[in-house]
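Quick note on labels: first sequence line is chain A, next is B, and so on, each numbered from 1.
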Number of protein chains: 2
Amino acid sequence: MTIGIKDVARRAGVSPATVSRVLGHGPVSAELRDRVEAAVRATGYRPNLSARRLRSQHSRTIGLIVSDIRNPFFTALSRAVEDAAYQSDMRVVLCNTDENPEREAMYLRLMQEERITGLIFAPTKATAERLDHTLLDFPVVLVDRAGPPGRHDCVVIDNPLACGALIEHLWEQGYRRIGGIFGNTSSTAVERHEGYRAAMAARGLEADVRFVAPNAEAAEAETARWLRTPGRPEALIGSNGQVLLGMVKALRNAGLGMPDDMGLAGFDNETWTELVGPGLTVVEQPVLDIGRTAMMMLFERLSVPDLQPRKVVLTGRLIVRGSTTRR
Amino acid sequence: MTIGIKDVARRAGVSPATVSRVLGHGPVSAELRDRVEAAVRATGYRPNLSARRLRSQHSRTIGLIVSDIRNPFFTALSRAVEDAAYQSDMRVVLCNTDENPEREAMYLRLMQEERITGLIFAPTKATAERLDHTLLDFPVVLVDRAGPPGRHDCVVIDNPLACGALIEHLWEQGYRRIGGIFGNTSSTAVERHEGYRAAMAARGLEADVRFVAPNAEAAEAETARWLRTPGRPEALIGSNGQVLLGMVKALRNAGLGMPDDMGLAGFDNETWTELVGPGLTVVEQPVLDIGRTAMMMLFERLSVPDLQPRKVVLTGRLIVRGSTTRR
DNA sequence: AATGCCACTGAAAACGTTTTCTGTAAATGC
DNA sequence: GCATTTACAGAAAACGTTTTCAGTGGCATT
C-alpha cells in the first residue's frame, strides 16, 4: 500500500538495512548514499514513526500535562517546552486535566502507553502527593507546583517571597485590611496563601481569605459574594491570572473603582492586566525560563538517572501599576 | 524489560492472542476473560501504542495545526477538538506554525510520518493554495481559513457579513472615516478586508487600510505610526484579537480615549475585551462550534471518503460595547 | 450416527522499521 | 607477502502487538 523502506531499497538497488543507515547517519559509502537519497526523493518515502519507535525502543516524545491550556501561563509554558523539544528533535504530547485527578490519572496512563521518554507535569495537590516515580518508567519534572519535598525534580517560583512583596507593597500604599482569594487545587496556591499569612502576621494584620476553584467564574462569584458582606477589605489579592480576572469582573459589576474603592493585585502578567482600568499590579512569573529550565532538568535526569531530586526556585518580578497606587 | 502481552498471557495461562482479544473486545469465554483481566491487573500491564498502531495500521490520532497556541481563539479551538477527539477514543497532536510556511511544511511531514487518521488545519494563505489533498494520505478539514474553493472541506464564519455588520454599526454611530488594520497571512483577513471594502463602498465611504503580521507587536507599531500621521480616521477596526490588542495598546500610549477620540472594534470576544476601557465592540466567533463541526466533518469524510468537498459557514455575533457607542 | 455449524482458542504471520550478526574486499602493519 | 584490521553491505532477527488461519469440541440438525 504505502511505500516503505523496502520499496526504496529495491529502487536504489540496495538492502533495507542500507537505506535505514542512510536515514539514520550510519556508515554508508558516498555512492550508495546518493543512490538511496535519490530513491527517497523519487518515491516520496516517509518513515513510519510507529515502526521506528517500536523497533528502536525510544519514542523521542515528551509529555506535557497541564491543568488548562486556556490559561495563558500554561500556553506560554507549552510554547517554551515545545520549542525546546523540537530543537532536540523530539515531539510533545500535550494534555489538559481541568484540575481533575481522574483525568490526570488517565493521562498518566496514556503517557505510559506512549512510552514517552519524559514528562513535564503541573499536577493538582491530590495527585502530587500520590505520585510515585517508582511506578512510572520515565522521569518527571514538576512545574509551577511542587510535590512533597525530595521526591521529584521541580521548578517553581518563590511563592512566599512573591506574596511577601505583594503585601509589602500594599502596606506601603496604606492598605491595611487586605483579603486574599486562593485556588483550592494546587500546592502553589497553598504556598501563596502561606506567604500571604506570614506577611500579614509580620505586620500585625489579620488574614482574611477565601478558597475557590481556580477559574474566573468561581472567583467572580466568590468575590461578588464577598463584596456584599459588611466590613469588606480595602484591597484584595488573587492567586493566579484566572482568579484575578474573575475578581476584576466582580469589581466592575459592583461599580467599584481601583485603586480607591478597592486595591487589587495578584499573579501572572497576562496581556490584559496592563490594559484594564489603571493597570493591574501583578507578580510576573518567568514562564519561558520555567519551561526551558524544566526541559533542561528533564534532559539532565535522562542522562544521569540517579541524581538526587532537585528543586529549582526562580523568582517572580513585582510589576506595580495603578490598581494599587493611590497617592 | 517492560511487561508485554506475552507475560500477561503466560500468567493467565492463555495465548497472547486471547489476551489481545480480551483487550480489544474479541470473542472470549467468560472464564478466560476473568483470568486475563486478573492477570492484567496483577502485572500492571500497559499496552504499547506504537506496536498496536504498527500492527493495526491505524493511529487513532488526529492532527491539529494552528498558527499560534497563545492566541485564545486557537486554544479554545484546540480544547473543543481535543474534547471531541477523546470522546471517540482518539489522540490529538497539536502543532504551532507561527504563520510560517516552512514550519507548516515540516508539520505536514510530521503528520504523514505519524500516519494520522485526519487533520484539522488553519493554514496560511501561501500553503492553503499549495495544499494538495492528493499528496496527503489523510483527509483535511480547514478551519477558520478557507483555501481555493472546492478543494477541501472547511468550516469558517461569514467574514464579509460580519465585517458588514461592524461597519453598519459604526456608520449608525456616526463614524464616517473608518480605517482598518488587517493581518497579511490568512485568507480570513483577506475576506474581512473585502467585506470592509464592500461595506464602505456601499455607503460611499473611502477605504483606508494597513496590513500587518497578525500579532500584537506589529499591530501596535503600525497603529502608533498611523496615529501620528495627519488626517487619521475617527474609528478603526482590527481583523483579529491579537491585532486588536496591539491597537488598544497604541491608543492607550497615545492617550486617546474610546469612543470619543477614536472608535475601535474588531474580531474575537476575548476575555479582556469586555474589561478594557468602556468595553470593546467585537464580533464573537462561535469557536466551540467551529471546533466541533470540524471534527464532525472529519469523521464524516473518513466514513464516506468521496463526498464532494463541503464548506460550512457559521456566523459571528456582533457584541456592541462602549468603545463604539458615543451617544 | 453422520454432518454441519458455532463459539472459542492457539500458532504463526504480519506490520515497517532498526540492529545484530556475518561476510567480503580493501587497506594497513609487520 | 602474509596476517590483521577496517569499512562497508546484506541477511535475518527483533520490537510488541493484531489478525489470519487452522483447529477443537460441543451442540443442533438431518
Item checked: Proximal nucleotide (of D:dT17, D:dG10, D:dT18) relative to the B:Asn48 side chain -> D:dT17
Check: Between A:His58 (NE2) and D:dC15 (C1'), how many Å, whole number?
Finding: 12 Å
Margin query: Looking at every heavy atom in both A:Thr18 and A:Leu32, which two are closest together, and how far apart are they?
Written below: CG2-CD1, 4.2 Å
Check: Any side-chain donor paired with an acceptor under 3.5 Å for A:Asn48 and B:Glu113?
Finding: no
Item checked: Closest listed nucleotide, where the reference is the side chain of A:Arg52 and the choices are C:dT17, D:dT17, D:dC8 -> C:dT17
Notebook entry, point to check: Under 4.0 Å: is that the gap between some side-chain N or O of B:Ser15 and OP1 or OP2 of C:dG10?
Noted result: yes
Next item on the list: Give the rounded distance in Å between these two atoms: CG of A:Leu32 and C1' of D:dA7.
Entry: 12 Å
Notebook entry, point to check: Atom CD of A:Gln112 to atom P of D:dG16: distance rounded to whole Å?
Noted result: 15 Å
Item checked: Distance in angstrom units between A:Glu114 CD and D:dC15 P, rounded -> 21 Å
Notebook entry, point to check: Should A:Arg55 be listed as having a side-chain N or O under 4.0 Å from OP1 or OP2 of C:dG16?
Noted result: no
Item checked: Phosphate OP1/OP2 of C:dT9 contacted by B:Thr18 side-chain N/O (<4.0 Å) -> no
Next item on the list: Could you tell me whether the phosphate oxygens of C:dT17, OP1 or OP2, come under 4.0 Å of any side-chain nitrogen or oxygen in A:Gln57?
Entry: no
Checklist line | Earlier contact from the 5' end, DNA chain C, for A:Arg46 and B:Gly13 | finding: B:Gly13
Next item on the list: May I have the distance from A:Leu23 (atom CG) to C:dT19 (atom C1'), rounded to whole angstrom?
Entry: 15 Å
Check: Would you call A:Thr61 and A:Met90 a side-chain contact if the rule is heavy atoms closer than 4.5 Å?
Finding: no
Margin query: Does A:Arg53 reach a base, just sugar-phosphate, or nothing at all? Heavy atoms under 4.0 Å.
Written below: nothing
Next item on the list: Could you pick out which residue, A:Ser56 or B:Gly24, lies toward the 5' side of DNA chain D when each is mapped onto its nearest nucleotide?
Entry: A:Ser56
Next item on the list: Let me see the working for B:Asp98 and A:Arg79 under salt bridge (Lys or Arg N to Asp or Glu O under 4.0 Å), right down to the final yes or no.
Entry: CA-CA 11 Å; B:Asp98 283 328; A:Arg79 280 303 303 260; 2.8 Å; yes
Margin query: Any donor-acceptor pair under 3.5 Å linking the side-chain atoms of B:Glu104 with those of B:Thr124?
Written below: yes
Note to self: Expressed as a whole number of angstroms, how long is the span from A:Leu54:CG to C:dT18:C1'?
What the structure shows: 10 Å
Check: A:Leu49 near the nucleic acid: base, sugar-phosphate alone, or nothing, with a heavy-atom cut-off under 4.0 Å?
Finding: nothing
Next item on the list: Quickly work out the A:His25 NE2 to D:dC8 C1' distance and round it to whole Å.
Entry: 18 Å
Check: Just how far, in rounded Å, is P of C:dT17 from NZ of A:Lys6?
Finding: 9 Å
Next item on the list: Answer yes or no: does a side-chain N or O of A:Ser29 lie under 4.0 Å from OP1 or OP2 of D:dA9?
Entry: yes
